[in-house]
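Beneath this line is the structure, given in structure tokens, with notes to follow.
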Amino acid sequence: MFDVVEVRKDFPILSREVNGKPLVYLDNGASAQKPQCVIDAVTNAYSQEYSNVHRGLHYLSSVATENFESVRGTVARFLGVEDEHTIILNSGTTEGINTVAYGWAMPRFTEGDEIVLSVMEHHANIVPWHFLRERLGVVLKWVDVDSCGDLDPQTVIDSIGPRTKLVAITHMSNVLGTVVDVNAITAAARARGVAVLIDGSQAAVHGPVNLSKLGCDFYVITGHKLYGPSGSGAIFIRKERLEEMQPFMGGGDMIKEVHKDDVIYNDPPFKFEAGTPGIVETIGLGVALEYLMRIGMDTVADYEKSLADYTMSRLGGLNWLQLQGTSHTKGAIFSFTMDGAAHAHDISTILDKKGVAVRAGHHCAGPLMDHLGLTATCRASLGLYNTVEEIDVLVEALELAHDLFG
């Protein structure tokens, strides 16, 4: 039984005030707060067990290596992956997607090859592909969403042509909250011999992910949205794709031998983990994922569904508020604009005075903003520790903003 009151006790920052008001933190889509167990793990790793990993034979190095490497298995369990050696530990989604762009796509794509994207993608899943467009002449094919913010999987499938080499798609929009039917897209693409990369930065936070059933080639997650430290994350890469990839960063444990006229690379996943990693950050990520798995991602999904339904009913009752994205698959992310002259930044500032933290801007989703005909929105993104009472505070603060700007 999920008890949000007890869960909130795990997050010390939630007890503080902002501008003399109790903090209502609704910016989880940008970065989530950290439970005490993660804070303690990071503190302990630095104060009692810190050392560099892998090559040291002394006690502290052995402990740090064991704690760091155990996270690979934790990520695999969290994502429903059988082989933990298909998990590459990194600094987050951006590094993960760039690893695919440079290590897999760059050596094998040629001018005229295609990548299929949706207009909902985060810049982290756009800019690396623009690098290939600029440098190799790769073609980016864009798929629009409908007026509700839904992405029809068949439209994505129909965009796959004879020159398509990759479908790179979000699992859940960080602006609209739309959950994409990645199962249908993956099955159809792989049947045509086309690889699929899925950006799981948002989806993995809000519900269970089982990659053994999904069958994609690449799946990226980022730690700071998963209640873990910033600078942590991971990417799943299907074994066959790992064997096709070349390393694009050199140094550290990605090599076995280095000579004046030769270099022998390490085996995957280490081949793609150059330099000294984010040791403590990764250890913290492992603790965060264990915390989520103890609660249960199905339980998280059920609670957030009820919270999202309540939020939709409250925000939907404000006839001067325009919600962006009303998909029936919508998760606990709400972007909106307001009638009148109020800019998203103005609205956010008023909400902040009431202790309510939301995000204002383009949310690193330029193509989607262009599609919506907007320059910015406010975004309230919910997490497992938010409550209906906090949504009521949000609505009261929005009503104040409307009185001021409407």
Please name all residues satisfying side-chain contact (heavy atoms from CB on, under 4.5 Å) with [X], sequence neighbours left out, ordered by chain then number.
X: Asp267; value: Lys256
X: Arg294; value: Cys37, Glu290, Tyr291
X: Gln202; value: Met172, Asn174, His206, Lys225, Ile333
X: Glu134; value: Phe131

Arg72 and its salt bridge (Lys or Arg N to Asp or Glu O under 4.0 Å) partner, picked from Glu66, Glu273, Glu84:
Glu273

What verdict does the side chain to side chain contact (heavy atoms under 4.5 Å, CB included) test give for Val38 and Tyr227, after you've listed the backbone C-alpha separation in whole Å, the side-chain angles of each residue and the deciding distance to 0.1 Å?
CA-CA 8 Å; Val38 171; Tyr227 308 95; 5.8 Å; no

Among all residues two or more places apart in sequence or in another chain, which pass the salt bridge (Lys or Arg N to Asp or Glu O under 4.0 Å) test with Lys353?
none

Which atom pair, heavy atoms only, marks the closest approach of [X] to [Y]?
X: Ala234; Y: Val75; value: CB-CG1, 3.9 Å
X: Val300; Y: Val205; value: CG1-O, 4.0 Å
X: Gly383; Y: Leu307; value: O-CD2, 4.2 Å
X: Gly200; Y: His171; value: CA-CB, 4.3 Å
X: Val71; Y: Thr282; value: CG2-O, 3.4 Å
X: Asn266; Y: Asp253; value: ND2-O, 2.9 Å

With Lys165 as the cation and Phe109 as the aromatic partner, state whether NZ or CZ is under 6.0 Å from the six-membered ring centre and within 45° of the axis.
yes

Restricting to ring pair (Phe, Tyr, Trp, His ring centres under 6.0 Å), what partner residues turn up for [X], sequence neighbours left out?
X: Phe78; answer: none
X: His224; answer: none
X: Tyr25; answer: none

Residue pairs fulfilling side-chain hydrogen bond (donor to acceptor under 3.5 Å, both in side chains) with at least one residue in [range], sequence neighbours excluded:
range: residues 176-198; result: Arg190-Asp217
range: residues 390-406; result: Arg8-Glu390, Tyr310-Asp392, Arg314-Asp392, Asn386-Glu390
range: residues 115-129; result: Ser118-Glu121, Glu121-Asn125, Asn125-Trp129

Are [X] and [Y] close enough that a side-chain donor and a side-chain acceptor fall under 3.5 Å?
X: Asp40; Y: Gln36; value: yes
X: Asp113; Y: Thr110; value: yes
X: Asp150; Y: Ser327; value: yes
X: Glu95; Y: Ser91; value: yes
X: Glu114; Y: Thr164; value: yes

Please determine whether side chain to side chain contact (heavy atoms under 4.5 Å, CB included) holds for the pair Val143 and Val119, giving the CA-CA distance in whole Å, both sets of side-chain angles, and the decisive distance to 0.1 Å.
CA-CA 6 Å; Val143 180; Val119 296; over 6 Å; no

For residues 340-351, please give each side-chain donor-acceptor pair under 3.5 Å, one per line with the distance, not counting sequence neighbours.
unit_1 : atom_1 : unit_2 : atom_2 : d
His343 : ND1    : His345 : N      : 2.9
Asp346 : OD2    : His343 : N      : 3.2
Thr349 : OG1    : His345 : O      : 2.8

Go through Leu368 and His362 one step at a time and tell me if the side chain to side chain contact (heavy atoms under 4.5 Å, CB included) criterion holds.
CA-CA 9 Å; Leu368 180 59; His362 55 61; over 6 Å; no

Taking the six-membered ring for Trp and the single ring otherwise, decide whether the centroids of Phe236 and Tyr219 are under 6.0 Å apart.
no

Working for side chain to side chain contact (heavy atoms under 4.5 Å, CB included), residues Val4 and Thr387:
CA-CA 7 Å; Val4 69; Thr387 66; 3.9 Å; yes

Cationic N near anionic O, under 4.0 Å, Glu244 to Arg108:
yes

